[in-house]
Amino acid sequence: MSDQKSSKQWILPLLIIPLLLLLFTAYLVLNYANGRPIFSLPFSSEKPATQVGKTGDTTDLEKRLKLANAEIKKLRSQSTEQTNTLKAKEQEVTRLIAERDRLKKIPATPAATSSGTEKKKKTANVTDVYAEMPPKEAANILNELSPTEVVTIIRDIDAEQQAAIIAKMDPKKAAALTQLLAVE
C-alpha cells in the first residue's frame, strides 16, 4: 500500500502543477493576442478601453481633418496668387522684349554718332601710344587685357609694329588676338 500512496503523491507535482502553469500561460498569451489587458476577465460587461476612447478619437480626427482642409485651402490660394504673379511677370518680360526689339530698329541719333566719333578719337590716341612704345613693353601691357580690348587698340597700328608686338605676347593670347583680327 505504501507503494500506491507514494505514487499518488508524485502525481500532484509531476502532472497537475505543470498542467496548471501551461493553462495559465495559454490564457495570458491569448489575452495578449486579442488585445485585451493581461489580467482582465474574458467575459466582463465593461467596454474595452479602445471602444471607450473612440468618441474622443473621432472628435480628435475631425479636428485634425478640419485643420488639414484649412491648410489645403490656404495653400491653394497661395498657389493661385503665385500663378497670377507669374502671368504678370511673363507679360512684363514680353513687353520688355518688344520694347528692346523696337529700340533696335530705331536708327542711331546724331548725338550717338558723335559720341561714337569721340570714342574713336580716344581709341586712336591710345593706339598712337602703343605704336610709339617698344614692342616688348607694349606686349607686356597688352597681355593683361582681354583679346577684344587688344583688337580695338592694335587694329590701327601698322602691320610691322603689330607683328612685333604679337610676337612678344603670350602665345595663347596671341592666338586669340590673331583670330579676332582675322574676323575683322
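Not measured: the values here are computed from a predicted model.
Screening residues 94-104 for side-chain hydrogen bond (donor to acceptor under 3.5 Å, both in side chains), with sequence neighbours left out, gives Glu92-Arg95, Glu99-Arg102.
Between the side chain of Thr127 and the main chain of Asp156, no donor-acceptor pair closer than 3.5 Å is present. A distance-only check finds no donor-acceptor pair linking the side chain of Gln91 to the backbone of Ala88 [under 3.5 Å]. No donor-acceptor pair under 3.5 Å is formed between the side chain of Lys173 and the backbone N or O of Ile166. Of the possible polar contacts, none joining the Asn143 side chain to the Met169 backbone as a donor-acceptor pair under 3.5 Å is found.
For the pair Val129 and Glu132, the minimum side-chain heavy-atom distance is 4.5 Å or more.
Here the CD1-CG distance, from Ile72 to Leu67, works out to 11.0 Å after rounding to the nearest 0.5 Å. Atom CD of Glu160 sits about 11.0 Å away from atom CD of Gln162, to the nearest 0.5 Å. Going from atom CD1 of Ile141 over to atom CD1 of Ile153 covers 9.5 Å, rounded to the nearest 0.5 Å. Between the CG atom in Leu180 and the CD atom in Glu149 there is a gap of 11.5 Å [rounded to 0.5 Å]. Separation of atoms OH (Tyr130) and CD1 (Ile154) is listed at 10.0 Å; rounding is to 0.5 Å. The distance from atom CG of Leu177 to atom CG of Asp170, rounded to the nearest 0.5 Å, is 11.5 Å.
Across Gln161 and Asp158, no two heavy atoms sit closer than the pair CB-OD1, 2.9 Å. Across Lys168 and Ala164, no two heavy atoms sit closer than the pair CG-O, 3.2 Å.
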inquiry  = Please evaluate residues Arg155 and Thr152 with respect to the criterion side-chain contact (heavy atoms from CB on, under 4.5 Å), reporting the C-alpha separation (whole Å), side-chain torsions for both, the decisive distance (0.1 Å), and the verdict.
reply    = CA-CA 6 Å; Arg155 175 179 353 141; Thr152 58; 3.3 Å; yes
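Under the side-chain contact (heavy atoms from CB on, under 4.5 Å) criterion, Ser79 pairs with Thr83, not counting sequence neighbours. Remark: Leu86 engages Glu90 in a side-chain contact (heavy atoms from CB on, under 4.5 Å) (not counting sequence neighbours).
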